[in-house]
Amino acid sequence: MKTCDNTRPCTCTYNCPRHGKCCECVAHHAGCGEVPGCFFSKEGEATYDRSIRNLAHDHGLNV
């Protein structure tokens with residue numbers, strides 16, 4: 001992956017080396033079949049369940 005200079009304030013509460021580095025974070029989670037914590041509501045992020053199913057549930061979708 002090319003160098004990622006996309007850094008932003010991050011709402012994810014999990015402490016990791018990709019915190020705030022959007023490109024690296026999205027690539028990492030996609031490779032694991034997951035979604036980054038910043039895609040979730042505050043309550044959904046706090047579960048640390050990064051599954052697509054949990055994201056859908058967090059946004060009120062029935063899957």
Report yes if the side chains of F40 and H59 come closer than 4.5 Å at any heavy-atom pair, otherwise no.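 The answer is no; the side chains never approach within 4.5 Å.
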
In the structure I gave you, are the side-chain heavy atoms of R18 and C12 within less than 4.5 Å of one another anywhere?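 With C-beta onward as the side chain, the pair stays apart.
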
Interatomic distance, C38 atom SG to H29 atom NE2 [nearest 0.5 angstrom]: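 Reported value, rounded in 0.5 Å steps: 8.0 Å.
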
With clusters defined by side-chain heavy atoms of hydrophobic residues (ILVMFWY) lying less than 4.5 Å apart, directly or transitively, does F39 cluster with I52?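 Shared cluster, yes.
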
Atom of [X], atom of [Y] and distance for their closest heavy-atom approach:
{"X": "C10", "Y": "H19", "result": "CB-NE2, 3.7 Å"}
{"X": "Y48", "Y": "T13", "result": "OH-OG1, 3.2 Å"}
{"X": "D49", "Y": "N54", "result": "O-ND2, 2.9 Å"}

Is the number of heavy atoms from other residues, nucleotides or ligands within 6.0 Å of NE2 (H28) greater than 12?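 Correct, the count exceeds 12.
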
Go through the side-chain N and O atoms of T11 and E45 and say whether any donor and acceptor fall under 3.5 Å apart.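 The criterion, which ignores hydrogens and geometry beyond distance, is not satisfied for E45 and T11.
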
Quick one: does any side-chain atom of D58 pair with a main-chain N or O of S41 as donor and acceptor, under 3.5 Å?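 Between the backbone of S41 and the side chain of D58 there is a qualifying donor-acceptor contact (under 3.5 Å).
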
